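Taking it in order: structure first as structure tokens, then the write-up.
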Amino acid sequence: MELEFPAWPRYGDEERTGLIRALEQGQWWRIAGSEVDAFEAEFAEYHGAAHALAVTTGTHALELGLEVLGARCGTEVIVPAFTFISSSQAAQRLGATVIPVDVDPDTYCLDPAAVEAAIGPKTRVIMPVHMGGQFADMDALAKLSADSGVPLLQDAAHAHGGRWQGKRVGELGSMAAFSFQNGKLMTAGEGGAVLFEDREQYEEAFLRHSCGRPRDDRGYFHATSGSNFRVTEFTAAMLRAQLTRLGEQIDLRERRWPVLSAALAEVPGVVPQSRDGRCDRNPHYMAMFRIPGITEQRRAEVVAALVEHGIPAFVAFRAIYRTRAFWETGAPETTPEQIARACPNSEALSTDCVWLHHRVLLGTEQQMRDIASILAGLL
């Protein structure tokens, strides 16, 4: 059996119209054009934030947010041990030391108890990652943040349009960073954004994303250090169109995941990612499940077989401390084995977790059952 799912990215006349609109305005740079400004306003409103700043990538969004929050050499940033490497590298490239902590074995999100144990005098930022669209425990983490005085920076690269207890990402009291990379829930090939509640933080971020140069500068009086994280008018035009169909796609994925999850749970040895009921709108960037006890080699074979059946399957992220990149700069004074002993859930997920691209959840109900049937035949 070979399944065929909707292609990704999805696009149509809305994107064509937007690109032509950006082209014909005659100004393709964000400082002179109108598309980026319009997208930022629309994205901020959609997520309940006061301000949004569009940037070149999701990694740059994290780096910029961390920089505004004061992550520097001599500070520490707490991140999940189980996440994509950008979560740590954004901090490490600023000179901060990354402290990986364990995740919940069911939701795959940051464990608040592990965070509390890791907070120290050098801790500058706590970075919860909303894994696959399932929100981290924002109630417990917000309390930890308030009690410790350490701000949160949400890595919301998987969480466009999500909600936690009725609150959108921008309404949760902390900055949030998004990605628009090609596989994400909305995309222009690459891109990112940061949400802000605080006007001063937004203005500082604007300066830093534009080489420290104020909007009205004519004398090259750069006010801060920074880099060029500006996006083009074409990127913003694409993202404005993508945003218009995001809600409908989330609605469909929310209907399909319970069907797929229930079918997967009936396969012996398969455990789907669980859902915290407080996450009352999960955009489902990934359809994730575990096969406890499987070896890495066998998992790779299962994933390859799923792909042969037309299912866009992938092995899950490797724990960040199990990569060479993590140890190049900004690593704690410890060893991979010491971190692994403190992060048993992340260690296991690195071996036994599989994820399916969210386009599978745009398929039919029967296809959800077919996925489980194919997987059962492989195990």
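All of these numbers come straight from a predicted model, not from anything done at the bench.
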Legend entry - Atom pair CZ (F221) and CZ (R213), whose distance is rounded to the nearest 0.5 Å: 10.5 Å

Legend entry - S34 and Q25: side chain donor to acceptor below 3.5 Å: yes

Inset, instruction - Mind listing the closest non-hydrogen atom pair of Y321 and I339 along with its distance? - result: CD2-CG2, 3.3 Å

Legend entry - Note, V129 side chain near F84 side chain (heavy atom, < 4.5 Å): no

Legend entry - Atom CD of E116: over 12 foreign heavy atoms under 6.0 Å: no

Inset, instruction - Check each of H358, H130, H160 against Y285 using the ring-ring contact (aromatic ring centres under 6.0 Å, His included) test, and report the only one that passes. - result: H358

Legend entry - E203/R199 ion pair, N-O < 4.0 Å: yes

Legend entry - Identified side chain to side chain contact (heavy atoms under 4.5 Å, CB included) partner of I371 from the options V259, L356, V267: L356

Inset, instruction - Mind checking the CG-OG1 spacing from L19 to T235? Nearest 0.5 Å is all I need. - result: 9.0 Å

Legend entry - Co-membership, hydrophobic cluster, residues L246 and L239, 4.5 Å side-chain: yes

Legend entry - Sole residue of R253, E254, H158 in side chain to side chain donor-acceptor pair (under 3.5 Å) with H284: E254

Inset, instruction - Look at atom CD of E301 and say whether more than 12 heavy atoms of other residues, nucleotides or ligands are closer to it than 6.0 Å. - result: yes

Legend entry - Distance in Å, I99 CD1 paired with I126 CD1, rounded so as to fall on 0.5 Å steps: 12.0 Å

Inset, instruction - Starting at CD1 of I78, measure out to OG1 of T97 and round the result to the nearest 0.5 Å. - result: 12.0 Å

Inset, instruction - In plain terms, say whether D102 and R341 are close enough for a salt bridge, that is, a side-chain N and a carboxylate O under 4.0 Å apart. - result: no

Can you give the donor-acceptor pairs under 3.5 Å from side chains of residues 106-115 to other protein atoms, not counting sequence neighbours?
from: T107; atom 1: OG1; to: C109; atom 2: N; distance (Å): 3.4
from: D111; atom 1: OD1; to: A113; atom 2: N; distance (Å): 3.0

Inset, instruction - Tell me whether L207 is reachable from L94 by hopping between hydrophobic residues (I, L, V, M, F, W, Y) whose side-chain heavy atoms are closer than 4.5 Å. - result: no

Inset, instruction - Test the R215-F206 pair against the cation-pi criterion, namely NZ or CZ under 6.0 angstrom from the six-membered ring centroid and within 45° of the ring axis. - result: yes

Inset, instruction - Establish, yes or no, whether a centroid distance under 6.0 Å links the rings of F5 and H357. - result: no

Legend entry - Positive for side chain to side chain contact (heavy atoms under 4.5 Å, CB included) with W355, one of M131, M286, Q273: M286

Inset, instruction - Examine Y46 and L252 and state if one hydrophobic cluster contains both, with Ile, Leu, Val, Met, Phe, Trp and Tyr joined whenever side-chain heavy atoms are less than 4.5 Å apart. - result: no

Legend entry - Residues forming a salt bridge (charged side-chain N to carboxylate O under 4.0 Å, His left out) with K122, sequence neighbours excluded: none

Inset, instruction - Working to the nearest 0.5 Å, report the span between CG of D280 and CZ of R163. - result: 5.0 Å

Legend entry - 4.5 Å side-chain heavy-atom contact, W164 and Q154: no

Legend entry - R359, CZ atom: more than 12 neighbouring heavy atoms under 6.0 Å: yes

Legend entry - Residues R93, E67: salt bridge by 4.0 Å N-O rule: no

Legend entry - N-O pairing of R245 and E248 below 4.0 Å: no

Legend entry - Any N345 side-chain heavy atom under 4.5 Å of F82 side chain: no

Inset, instruction - Determine whether V36 and L64 fall in the same hydrophobic cluster, where Ile, Leu, Val, Met, Phe, Trp and Tyr are linked whenever their side-chain heavy atoms lie under 4.5 Å apart. - result: no

Legend entry - Same apolar cluster: I85 and M127, side chain cutoff 4.5 Å: yes

Legend entry - Nearest-0.5 Å distance, CG of residue L375 to CD1 of residue I311: 8.0 Å

Inset, instruction - Flag the pair Y11 / M238 as yes when at least one side-chain heavy-atom distance between them is below 4.5 Å, and no otherwise. - result: no

Inset, instruction - Would you mind reporting whether Q242 and K184 have side-chain heavy atoms less than 4.5 Å apart? - result: no

Inset, instruction - Report yes if some heavy atom in the side chain of L53 is under 4.5 Å from a heavy atom in the side chain of F196; otherwise report no. - result: yes

Legend entry - Charged N-O contact under 4.0 Å between R21 and E233: no

Inset, instruction - Give a yes or no on whether a salt bridge exists between R369 and E266, defined as a side-chain N under 4.0 angstrom from a carboxylate O. - result: no

